[in-house]
Amino acid sequence: MTSATELPGRPRAGALGGPATARATCVLAPNPSAMTLDGTNTWIVAEPDSDLAVVIDPGPLDETHLQAVISTAEAAGKRVALTLLTHGHPDHFDGAARFAELTGTRVRALDPALRLGGEGLGIGDVITTGGLELHVLSTPGHTADSLCFHLPADRALFTGDTVLGRGTTVVAHPEGRLGDYLDSLRRLRALAVEEGVETILPGHGPVLDDARGAIDFYLVHRAKRLAQVETAVENGHRSAAEVVAHVYADVDRSLWPAAELSVRAQLEYLGEHGLIQ
């Protein structure tokens, strides 16, 4: 049996909710599924000596969950002062408007359509609410509007769906673009090396205590999948459905529709780079 310390990224054992670093606490949303794993991780981030908190990804429109996020912050002596979004998928965003109503906060996002209160997020912005230093990073690929947030004080990175705590991220055509995603992973790896990032605080799944190991695993996984898809095409499997049946034969068939969207993104990437005709 493989222990957690031997798995990619060294996923942290134990309950998913609760304190994860000195400044970050997770409240797990009750929306588990094959795509959301155990559910969406809503993150409360605050300086230990501050009474103000930032919430990242309020999650689904579930009143009990949204109230739990507020209660968790208040129990720690914090008031939610700002809401941030990693991207606009419903399991991260659907509760944002109601959460903003409950807390009286602005919702800041890269996509103007997701913002509440006017001000958005720009690449290179630094969030300083309550004395925090939270850097906004552009990480498109899973979606065009995907962001990560770097928390230098905890050597941590909030990754949304760009890096998960378990398994790998779906880059689904046409919204997802594999070339952008690979570039984003490389930027995150460089950040981990240059800034000493150790911990990944994902949008789904457990905390990862080996950021570089997790990102390296993702890059290797993508390279292997691309090679498999390229070989499948060379062997005559031309359509996305044919490639899925060949490459993902050992995957639960209920996941094949998602896999087909991923293969479409891979075929697009291979075509753009002249690796297939």
Side-chain angles (χ1 to χ4, degrees), residues 2 7-9 11 29 31-41 57 59-60 86-94 139-146 148 159-186 188-189 200 202-206 208 213-277:
T2 302
L7 293 173
N31 60 334
S33 73
M35 298 302 292
T36 62
L37 304 182
D38 307 273
T40 301
N41 294 333
D57 289 347
T86 60
H87 65 296
H89 277 167
D91 53 309
H92 295 257
F93 164 72
D94 267 2
T139 52
H142 175 66
T143 61
D145 68 326
S146 286
C148 291
T159 55
D161 284 357
T162 299
V163 178
L164 304 179
R166 186 172 67 248
T168 56
T169 298
V170 173
V171 179
H173 180 83
E175 185 179 25
R177 290 186 57 83
L178 187 55
D180 291 343
Y181 183 68
L182 293 173
D183 288 343
S184 293
L185 289 178
R186 294 182 188 111
L188 292 182
R189 190 186 190 284
I200 285 179
H204 303 280
L208 299 175
I215 297 166
D216 284 344
F217 169 74
Y218 267 55
L219 286 167
V220 169
H221 170 77
R222 288 293 168 186
K224 288 181 177 178
R225 277 296 192 215
L226 275 170
Q228 290 173 330
V229 170
E230 184 178 1
T231 299
V233 173
E234 290 172 351
N235 289 335
H237 304 283
R238 305 300 298 183
S239 72
E242 290 171 344
V243 172
V244 168
H246 180 72
V247 174
Y248 293 79
D250 59 342
V251 174
D252 188 326
R253 282 177 175 261
S254 67
L255 299 177
W256 279 18
E260 184 170 334
L261 295 177
S262 177
V263 165
R264 289 183 185 277
Q266 293 175 77
L267 292 173
E268 179 182 64
Y269 175 87
L270 292 169
E272 289 172 348
H273 288 76
L275 297 172
I276 59 173
Q277 299 299 318

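Since we're looking at a predicted model, the values are computed, not measured.
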Point-to-point distance, once rounded to the nearest 0.5 Å, from OG1 of T40 to CG of N31 | 4.0 Å

Do W256 side-chain atoms and V251 backbone N/O form a donor-acceptor pair below 3.5 Å?
-> yes

Pairwise side-chain contact, V233 with L267, heavy-atom cut-off 4.5 Å (strictly under) = yes

Looking only at heavy atoms, the pair that brings V171 and R177 closest together is CG1-N, 3.7 Å

Kindly indicate whether the side chain of D38, heavy atoms from C-beta on, has any atom under 4.5 Å from the side chain of R166.
-> yes

Which atom pair, heavy atoms only, marks the closest approach of P202 to G205?
-> CG-O, 3.6 Å

Salt-bridge contact E268-R264 (side-chain N to carboxylate O under 4.0 Å) = no

What do the steps show when you test T231 against V247 for side chain to side chain contact (heavy atoms under 4.5 Å, CB included), and what is the final call?
-> CA-CA 9 Å; T231 299; V247 174; over 6 Å; no

If you measure from CG on L219 to OH on Y181, what distance do you get to the nearest 0.5 Å?
-> 8.5 Å

Which heavy-atom pair separates P11 from P206 by the least distance, and what is that distance?
-> CB-CG, 3.7 Å

Would you please say whether a donor-acceptor pair under 3.5 Å links the side chains of S33 and T36?
-> yes

Any L275 side-chain heavy atom under 4.5 Å of L226 side chain | no

Got D91 and H204 here, is their nearest side-chain heavy-atom distance under 4.5 Å?
-> yes

What distance do R222 atom CZ and T168 atom OG1 have between them, rounded to the nearest 0.5 Å?
-> 5.5 Å

Any side-chain heavy atom of L270 within less than 4.5 Å of one from V229?
-> yes

Nearest-0.5 Å distance that lies between atom CG in D161 and atom OG1 in T169 = 6.0 Å

For P60 and A29, the nearest pair of non-hydrogen atoms, with its separation, is CD-CB, 3.6 Å

To the nearest 0.5 Å, atom OG1 of T86 lies from atom CG of D145 at 8.0 Å

Test item: S184 side-chain N/O and P140 main-chain N/O as donor-acceptor pair under 3.5 Å = yes

Does a donor on one side chain sit under 3.5 Å from an acceptor on the other, for H246 and N235?
-> no

Between H89 and H142, what is the ring plane arrangement, given parallel below 30°, perpendicular above 60°, and tilted in between?
-> perpendicular

Between L255 and A34, the two heavy atoms sitting closest are CD2-CB, 4.0 Å

How about C148 and T159: do any of their side-chain heavy atoms sit closer than 4.5 Å?
-> yes

To the nearest 0.5 Å, tell me how far Y248 OH sits from Q228 CD.
-> 7.5 Å

Mind listing the closest non-hydrogen atom pair of D57 and H87 along with its distance?
-> OD1-N, 4.5 Å

Exactly one candidate in I200, T143, L188 meets side-chain contact (heavy atoms from CB on, under 4.5 Å) with T162; the answer is L188

